[in-house]
S.K.: 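For reference, the structure I am asking about is given below.
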Number of protein chains: 2
Amino acid sequence: MKSKDAPKPAGPKLAEFLCFAIYSTNLAYGRAYKPILDALGLTYPQYIAIVALWEEDHQTVSSLGEKLFLESNTLTPILKKLEAMGYVRRQRDREDERQVLVSLTDSGRRLREKGLGMNLVKASGLTPEEFSTMQKGVVTLRDNLIKAARGKK
Amino acid sequence: MKSKDAPKPAGPKLAEFLCFAIYSTNLAYGRAYKPILDALGLTYPQYIAIVALWEEDHQTVSSLGEKLFLESNTLTPILKKLEAMGYVRRQRDREDERQVLVSLTDSGRRLREKGLGMNLVKASGLTPEEFSTMQKGVVTLRDNLIKAARGKK
DNA sequence: TGCGATTTAATCGCATACGACTTATCTGTA
DNA sequence: TACAGATAAGTCGTATGCGATTAAATCGCA
């Protein structure tokens, strides 16, 4: 059975790209979380910023950025919005005026009760073991990519 | 060893979220691909659109969108840019004027030789088996999420 | 056959990401 | 101590994603 009529080049297949699997899964997560986040009035990046602050309050922008893999150019507008919504406080560090310390307000802390357990483990369709294995694998992948990207720079 | 002084609430940990693993890995992929894509003068979404067209040329916007998990509101501007760059052609379907058919130009087809094998398997730090397992697992996750999101709507 | 419902692409506004740059502050050292 | 260089946050421009809406074409059925 040779080639019939369509040329169908033997190029790379989108469906086999790991990068595309990650990319499209990220889009899918966004859509799956949307209804829950809408109820909280937050976007996904706003939400993870809040989660990071639950874990460790009173952080600088760059320390927060390291945890979220974002830099000030992306994070600052998000934090300003959260400030406008009354969930965080931003204040210059007295010790080093270059830095800005970000802290949760009571209102921001109260968000914890409202929307959570929003872990979406169910929607993943994975067993807890699979979930955990996948999670660890993806994190390893991420860290390898970061390392590789750093090397290129 | 009880709690010492920091309140450290027992909330969800960012590092354990699968959604965050996917989100941050997507960012990491973007950074890892950047140097290669810059050399081609393409962004990542532009690139995957081209790959999808290598696989199946002469598609409608919505058929392309199904493969890329994007809709016309996102895809149209990307396709117009690719058209302006001379890599694709966009023409109304004579049979059904609502549809727009997207095809690669010779220039678009030639991109295949230029930047590829850009699979980044190396940078992933995974063995081929791990790579393949991960890829399949993430795709399953994505499809489950899509299904779950559809149910909510 | 006529016309309301549906389908398809496109437009618009908002919220990220991010490279390039700016501004303010701090640090190390001559 | 003065000042070049480093550092932190922020600004700006460009390119996605995506909800809401619009415009054009087609469909379905009374």
Side-chain angles (χ1 to χ4, degrees), chain A residues 20 23-35 37-38 40-49 59-66 68-85 88 90-102 146 149 152-153, chain B residues 20 22-35 37-38 41-49 59-66 68-85 88 90-102 146 149 152-153:
Chain A
F20 180 68
Y23 166 83
S24 51
T25 303
N26 185 50
L27 296 182
Y29 252 123
R31 289 159 199 170
Y33 267 119
K34 190 103 208 322
L37 288 170
D38 276 353
L40 290 177
L42 293 174
T43 64
Y44 184 74
Q46 289 165 5
Y47 172 68
I48 58 171
Q59 293 186 69
T60 64
V61 172
S62 41
S63 136
L64 203 50
E66 268 175 52
L68 302 180
F69 299 89
L70 294 173
E71 292 177 34
S72 69
N73 52 2
T74 301
L75 214 38
T76 297
I78 294 174
L79 294 173
K80 282 189 168 179
K81 204 151 305 181
L82 288 174
E83 185 180 41
M85 290 191 264
V88 308
R90 292 163 62 251
Q91 46 203 342
R92 288 278 160 190
D93 185 348
R94 294 268 171 77
E95 308 289 312
D96 182 345
E97 294 270 350
R98 288 173 303 181
Q99 301 184 151
V100 166
L101 292 168
V102 186
I146 301 267
K152 288 277 160 51
K153 237 190 320 181
Chain B
F20 180 68
I22 295 285
Y23 166 82
S24 51
T25 302
N26 186 50
L27 296 182
Y29 252 123
R31 289 159 200 170
Y33 267 119
K34 190 100 208 320
L37 288 170
D38 276 353
L42 293 174
T43 65
Y44 184 73
Q46 289 165 5
Y47 172 68
I48 58 171
Q59 293 187 67
T60 64
V61 172
S62 43
S63 136
L64 202 50
E66 267 175 52
L68 301 180
F69 299 90
L70 295 173
E71 293 178 34
S72 69
N73 53 1
T74 301
L75 214 39
T76 297
I78 295 174
L79 294 172
K80 282 189 169 179
K81 203 150 307 179
L82 288 174
E83 184 180 43
M85 291 191 265
V88 308
R90 292 163 62 252
Q91 47 204 341
R92 287 278 162 192
D93 185 348
R94 293 267 171 76
E95 307 290 309
D96 182 344
E97 294 271 352
R98 288 172 304 181
Q99 301 185 153
V100 166
L101 292 168
V102 185
I146 300 266
K152 287 278 159 49
K153 238 192 315 188

S.K.: On the nucleotide dA24(C), are OP1 or OP2 found under 4.0 Å from the side-chain N or O atoms that Q99(A) carries?
M.R.: no
S.K.: Salt bridge or not for E97(B) and R92(B), using N-O below 4.0 Å?
M.R.: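 Salt bridge absent between E97(B) and R92(B).
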S.K.: R31(B) has an atom CZ; how far is it from atom C1' of dT16(D), in whole Å?
M.R.: 15 Å
S.K.: At under 4.0 Å, does any side-chain N or O of K80(A) touch on OP1 or OP2 of dT11(D)?
M.R.: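 Result: yes.
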S.K.: Parallel, tilted or perpendicular for Y33(A) and Y29(A), by the 30°/60° rule?
M.R.: parallel
S.K.: Do N73(B) and dG17(D) have a side chain to base donor-acceptor pair shorter than 3.5 Å?
M.R.: no
S.K.: Within the 4.0 Å heavy-atom criterion, would you say L75(A) contacts the bases, only the backbone, or no part of the nucleic acid?
M.R.: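 Nothing, no nucleic acid heavy atom in range.
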S.K.: Do any side-chain nitrogens or oxygens of K34(B) fall under 4.0 Å of OP1 or OP2 in dA15(D)?
M.R.: no
S.K.: Is it the case that the base of dA15(D) and the side chain of T43(B) share a donor-acceptor contact (distance under 3.5 Å, atom types as modelled)?
M.R.: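 There is none.
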S.K.: According to the interplanar angle, ranging from 0 to 90°, do the rings of Y23(A) and Y44(B) count as parallel (below 30°), tilted (30 to 60°) or perpendicular (above 60°)?
M.R.: perpendicular
S.K.: dT7(D) C1' sits how many Å from E71(A) CD, rounded?
M.R.: 13 Å
S.K.: Which of these nucleotides, dG10(D), dT16(C), dA9(C), is closest to any side-chain atom of V61(A)?
M.R.: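 Of the candidates, dG10(D) comes closest.
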S.K.: Please give, in whole Å, the distance from dA15(C) C1' to M85(A) CE?
M.R.: 11 Å
S.K.: Go through dC18(D), dA9(D), dT25(C) for me and flag the one nearest to the T60(A) side chain.
M.R.: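 Shortest atom-to-atom distance from the side chain points to dA9(D).
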S.K.: Which nucleotide in the set dC18(D), dA17(C), dA9(D) lies at the smallest distance from any side-chain heavy atom of R92(A)?
M.R.: dA9(D)
S.K.: Can you tell me which nucleotide in dG10(D), dC18(C), dA6(D) comes closest to the side chain of R98(A)?
M.R.: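 From the listed options, dA6(D) comes nearest.
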S.K.: When you measure from the side-chain N and O atoms of T76(A) to the phosphate of dG10(D), is any distance below 4.0 Å, counting only OP1 and OP2?
M.R.: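 Yes.
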S.K.: Return whichever of P45(A) or R94(A) has its heavy-atom-nearest nucleotide of DNA chain C closer to the 5' end.
M.R.: P45(A)
S.K.: Are any of R90(A)'s side-chain N or O atoms less than 4.0 Å away from OP1 or OP2 of dG10(D)?
M.R.: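 It does, given that an N or O in the side chain of R90(A) lies less than 4.0 Å from OP1 or OP2 of dG10(D).
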S.K.: Tell me the interatomic distance from I146(B), atom CD1, to dG17(D), atom P, rounded to whole angstroms.
M.R.: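 Those two atoms, CD1 and P, are 14 Å apart.
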S.K.: Would you mind reading off the distance between K81(A) atom NZ and dC14(C) atom P, rounded to a whole angstrom?
M.R.: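 Result: 10 Å.
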